[in-house]
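Notes to accompany the following structure.
Owing to the predicted nature of the structure, the values given are computational and were not obtained by experimental measurement. Position 1 is the first residue of the sequence, and the numbers go up from there.
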Amino acid sequence: QIQLVESGGGLVQPGGSLKLSCTASGNIFSIGTMGWYRQSAGRQRELVATITRGWDVNSTDSVKGRFTISRDDAKRTMTLQMNNLKSEDTGVYYCNANILRRGPYLSAVYWGQGTQVTISS
């Protein structure tokens, strides 16, 4: 069974920093594009940032210059370094990955369970 598990959420004051991590486990052959999404109260889930195997990064304008996405394929992890956090960054952050599993070789998109990020003074 393939799982994505996020960690690193919490409560931080405006202007502070948090680092989120996502670790993939299970019968994995390879991991393609990975990404972070977030969902705030009363709003649809939105893309925060994605990173391909070749480290091509795409991010929403509101986080550019503040958030940095990275990955370590050997450890099957992805991180999101979030700096200069604002109240509007509050939400549940979800990890997402396109994973090719072994035997049979099937590709599918997987989601983590989410981690809460709250920005408040």
Side-chain angles (χ1 to χ4, degrees):
Q1 184 177 357
I2 292 173
Q3 287 187 315
L4 297 176
V5 178
E6 302 102 333
S7 62
L11 171 65
V12 66
Q13 293 184 342
S17 298
L18 280 175
K19 185 175 183 178
L20 305 183
S21 296
C22 171
T23 300
S25 63
N27 196 20
I28 297 171
F29 180 75
S30 66
I31 303 176
T33 298
M34 305 181 77
W36 290 98
Y37 292 73
R38 67 186 177 193
Q39 187 165 18
S40 306
R43 302 185 64 178
Q44 290 187 330
R45 190 174 298 187
E46 64 172 352
L47 178 146
V48 176
T50 61
I51 183 168
T52 69
R53 286 179 60 85
W55 281 65
D56 290 324
V57 172
N58 178 48
S59 60
T60 190
D61 287 344
S62 64
V63 308
K64 287 180 178 177
R66 300 188 298 123
F67 292 11
T68 301
I69 188 172
S70 61
R71 62 189 287 167
D72 184 333
D73 288 325
K75 296 181 179 179
R76 296 177 176 175
T77 61
M78 173 181 61
T79 61
L80 185 69
Q81 177 66 48
M82 305 186 293
N83 299 326
N84 190 21
L85 284 159
K86 305 176 181 180
S87 58
E88 52 263 42
D89 295 318
T90 294
V92 179
Y93 283 68
Y94 296 91
C95 170
N96 164 285
N98 193 317
I99 295 176
L100 178 63
R101 58 167 289 175
R102 300 177 186 272
Y105 288 91
L106 296 174
S107 178
V109 175
Y110 294 83
W111 290 88
Q113 81 288 352
T115 184
Q116 178 70 45
V117 171
T118 303
I119 314 305
S120 176
S121 55

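- Here the side chains of W55 and I69 are not in contact, with every heavy-atom distance at 4.5 Å or above.
- Contact of the M82 side chain with the R66 side chain is not registered, since no non-hydrogen atoms from C-beta on lie closer than 4.5 Å.
- Among all heavy-atom pairs drawn from M78 and G35, the shortest one is CE-O, 3.2 Å.
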Report the C-alpha separation of T50 and Y37 in whole Å, then their side-chain angles, then the decisive distance to 0.1 Å, and conclude whether the side chain to side chain contact (heavy atoms under 4.5 Å, CB included) test is met.
CA-CA 9 Å; T50 61; Y37 292 73; 4.2 Å; yes
Using side chain to side chain contact (heavy atoms under 4.5 Å, CB included), reason through T23 and K75 one step at a time and then give a plain yes or no.
CA-CA 8 Å; T23 300; K75 296 181 179 179; over 6 Å; no
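- The only member of I28, N96, I2 that meets side-chain contact (heavy atoms from CB on, under 4.5 Å) when paired with Y110 is I2.
- Across all non-hydrogen atoms, the minimal contact from T79 to S70 is OG1-OG, 2.5 Å.
- Follow the hydrophobic side-chain contacts under 4.5 Å out from M34 and you reach V117 in the same cluster.
- Between atom CG of residue N98 and atom OG1 of residue T33 there is a gap of 6.5 Å, rounded to the nearest 0.5 Å.
- For Q44, the CD atom counts as loosely surrounded, since its 6.0 Å shell holds 12 or fewer non-hydrogen atoms of other residues, nucleotides or ligands.
- Proximity of a side-chain donor or acceptor of Q13 to a complementary backbone N or O of S121 within less than 3.5 Å is not detected.
- How far CZ of R38 is from CG of L80: 9.5 Å, rounded to the nearest 0.5 Å.
- Side-chain N or O atoms of N27 include one that pairs as donor or acceptor with a backbone N or O of R102 at under 3.5 Å.
- Panel note: side chain E6, backbone Q113; a donor-acceptor pair is recorded below 3.5 Å.
- No side-chain donor-acceptor contact under 3.5 Å links R76 to the backbone of A24.
- Residues F67 and V92 fall into different hydrophobic clusters, defined by Ile, Leu, Val, Met, Phe, Trp and Tyr side chains chained together at heavy-atom separations under 4.5 Å.
- A donor-acceptor contact closer than 3.5 angstrom is absent between the side chains of S21 and S7.
- Two residues are said to be in side-chain contact when any heavy atoms from C-beta on lie closer than 4.5 Å; I99 and L4 meet this criterion.
- Atom CD of Q81 and atom CG of L20 lie 9.0 Å apart (nearest 0.5 Å).
- Cluster membership for V109 and L47, using ILVMFWY side-chain heavy atoms within less than 4.5 angstrom, is shared.
- R53 and S30 make their closest contact through NH1-CB, 4.1 Å (heavy atoms, listed as atom of the first residue, atom of the second, distance).
- Put simply, the side chain of I31 reaches to within 4.5 Å of the side chain of R71, judged on heavy atoms.
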Begin from the C-alpha positions of T118 and Q116 and carry the test side chain to side chain donor-acceptor pair (under 3.5 Å) through to its verdict.
CA-CA 6 Å; T118 303; Q116 178 70 45; 3.3 Å; yes
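- The aromatic rings of W111 and Y94 stand perpendicular to each other, their planes meeting at an angle above 60°, with 30° marking the opposite boundary.
- The distance from atom CD of E88 to atom OG of S62, rounded to the nearest 0.5 Å, is 8.0 Å.
- By the 4.5 Å heavy-atom criterion applied to side chains, I119 and K86 are not counted as neighbours.
- Here CG of L85 is found 12.5 Å from OG of S120. Values are rounded to the nearest 0.5 Å.
- With salt bridges taken as basic N to acidic carboxylate O contacts below 4.0 Å, one links D61 and K64.
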